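Please read the structure below before turning to the comments.
Because the structure is a prediction, the values reported are computed rather than measured. A note on names: the letters A, B, ... follow the listed sequences, proteins ahead of strands, and every chain is numbered from 1.
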Number of protein chains: 2
Amino acid sequence: MATGRTHRPATRSRGIPEATVARLPLYLRALTALSERSVPTVSSEELAAAAGVNSAKLRKDFSYLGSYGTRGVGYDVEYLVYQISRELGLTQDWPVVIVGIGNLGAALANYGGFASRGFRVAALIDADPAMAGKPVAGMPVQHTDDLEKIISDNGVSIGVIATPAGAAQQVCDRLVAAGVTSILNFAPTVLTVPDGVDVRKVDLSIELQILAFHEQRKAGEESAADADAAAGPAVTKNQHRKGPDGDVPAVMPA
Amino acid sequence: MATGRTHRPATRSRGIPEATVARLPLYLRALTALSERSVPTVSSEELAAAAGVNSAKLRKDFSYLGSYGTRGVGYDVEYLVYQISRELGLTQDWPVVIVGIGNLGAALANYGGFASRGFRVAALIDADPAMAGKPVAGMPVQHTDDLEKIISDNGVSIGVIATPAGAAQQVCDRLVAAGVTSILNFAPTVLTVPDGVDVRKVDLSIELQILAFHEQRKAGEESAADADAAAGPAVTKNQHRKGPDGDVPAVMPA
DNA sequence: CCATCTTTGTGCACGCGTTCACAAAGACAT
DNA sequence: ATGTCTTTGTGAACGCGTGCACAAAGATGG
């Protein structure tokens, strides 16, 4: 017995499944596009195609929000845009700070998608004194020393971490201590946060590695038996069977 | 209908669950850190803590790869690093191209995490003639016209799309036609690709919106006051009907 | 007003992923 | 060698997410 049970049943979403929440922005984007083209109504089938999901899934997702459709007709685009926006909390303004104004941080600061939908970059923060005052995306970079004051003055509750991995946890701790309760982490590290703080991570390296896995698998299927020719000492350890896979693992580095 | 999209029942991983594959890079990172500190072995409990996952989950994940641990001791760090690397296909070199060298594309080009682990930026491609030849991350940007040639000359099978949303599908089509079978998409669009092509998307805006949802929920729990009748226009489902187009729907919030 | 047609909303079944809990396996001390 | 102790590997239960398939709801036309 190692640790006591601090079992949280995850986030108690107001009845809306997490998987559904993750798709709402997708629907919202598709709906916004329709709205701009002045399309009045849309069927679940059409909208699902535009969002790249199954239509049954879409209908079930919407059912968690309430009954906003009209049978025989479909969904009112404008109405749905509003409902989803409200559900996602996009009808209010969310000031965010970006910490770590390197290449990525600067790119994020310039990213239009931020401001487009309820999010406003309240401040850019960097630890490098040479960056202080320097304008990025039409906004002066501020020094990390003022982090706490910036957070509290602007009522920031969402922070974006784009620092090197080594600084991420420290920055995270300061953000949380200053009152930030949601963090979007671009640094390749596992962040530890107290209960009640949400962390989402975006990791370019991980995404690429997942792609590489599938890519390797695809390559291995077409021309089977050519990538395993690597030499290596025979290992008595792996006498396990791996199922129907014809893979022959037998290599181990010293 | 226009798109006859065949929906994939996910990828048919050769026995290794997709969820496990997605965690392997996480384990690999933690193991690499241990390796650099010359730690010889690690228990599932320790490694799980470092990777931020449940230890039982980690053991089950590893069980899909084979029996690489020693009971009573743990896992050999070096051995596991190698096994996971091999499983992910990181023992070989993956040339990638980045298309769309704006702020984000440039940031990606400079991102160290790319080159660190089997991935090599083979080329930077942009549609802007003014960018052509300009060095970014010590590498000259090439024009979109040469995309097909670049792909085939370098044997690129992984492409990164960092273009504006409007250009993404077109770029995607050209990449796929040229032989790319894995795409990492940063453009806020749903990409349609033929069977056999993997697409992973990274969407900053979506991540923020998901955070906003939880943030709103957190705020709403503390001060349960305005949830429904907030700023919503007085429109009910049945009354709401947009007449003939021309009228501006009055459903949008401030 | 009734029939028909379209599309939503959802009950249900199934499969995947997660977690628990424990037996088996090996290290280590005596 | 034998017993004890640690840690793995996994069977089994459970819960969530997905997709099918269909009844209910409403529009539309006669």
Check the distance between [N]'s [atom2] and [X]'s [atom1] and give it to me in whole angstrom.
| X | N | atom1 | atom2 | answer |
| --- | --- | --- | --- | --- |
| A:L47 | C:dT7 | CG | P | 14 Å |
| B:L58 | D:dT7 | CG | P | 14 Å |
| B:E18 | D:dT18 | CD | P | 14 Å |
| A:D76 | D:dA27 | CG | P | 13 Å |
| A:K57 | C:dT8 | NZ | C1' | 18 Å |

Do you see a donor-acceptor pair shorter than 3.5 Å between the side chains of [X] and [Y]?
| X | Y | result |
| --- | --- | --- |
| B:S44 | B:R59 | yes |
| B:Y79 | B:Q83 | yes |
| A:Q209 | A:S205 | yes |

(request) Sort and list the pairs that fulfil salt bridge (Lys or Arg N to Asp or Glu O under 4.0 Å) and have at least one residue in residues 21-32 of chain A, not counting sequence neighbours. (result)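 As it turns out, the salt bridge (Lys or Arg N to Asp or Glu O under 4.0 Å) pairs with a partner in residues 21-32 of chain A, which skip direct neighbours, are A:R23-A:D61, A:R29-B:D203.
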
(request) For A:K218 and B:T181, indicate whether the former's side chain and the latter's backbone hold a donor-acceptor pair under 3.5 Å. (result) yes

(request) Mind jotting down which residue pairs meet the side-chain hydrogen bond (donor to acceptor under 3.5 Å, both in side chains) criterion with at least one end in residues 161-171 of chain B? Sequence neighbours excluded, please. (result)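 Counting only pairs at least two positions apart or across chains, the side-chain hydrogen bond (donor to acceptor under 3.5 Å, both in side chains) contacts touching residues 161-171 of chain B are B:Q169-B:D173.
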
(request) Hey, which sits more toward the 5' end of DNA chain D by its nearest nucleotide, B:S43 or A:R23? (result) B:S43

Could you list, one pair per line, each protein nitrogen or oxygen that sits under 3.5 Å from a nitrogen or oxygen of nucleotides 9-11 of chain D, together with the distance?
| residue | atom | partner | partner atom | Å |
| --- | --- | --- | --- | --- |
| D:dG9 | OP1 | B:G69 | N | 3.0 |
| D:dG9 | OP2 | B:Y75 | OH | 2.6 |
| D:dG9 | O4' | B:R71 | NH2 | 2.9 |
| D:dG9 | N7 | B:R59 | NE | 2.9 |
| D:dG9 | O6 | B:R59 | NH2 | 3.2 |
| D:dG11 | O6 | B:K60 | NZ | 3.3 |

(message) Please confirm whether the shortest side-chain N or O distance from A:N54 to OP1 or OP2 of D:dG17 is below 4.0 Å.
(response) no

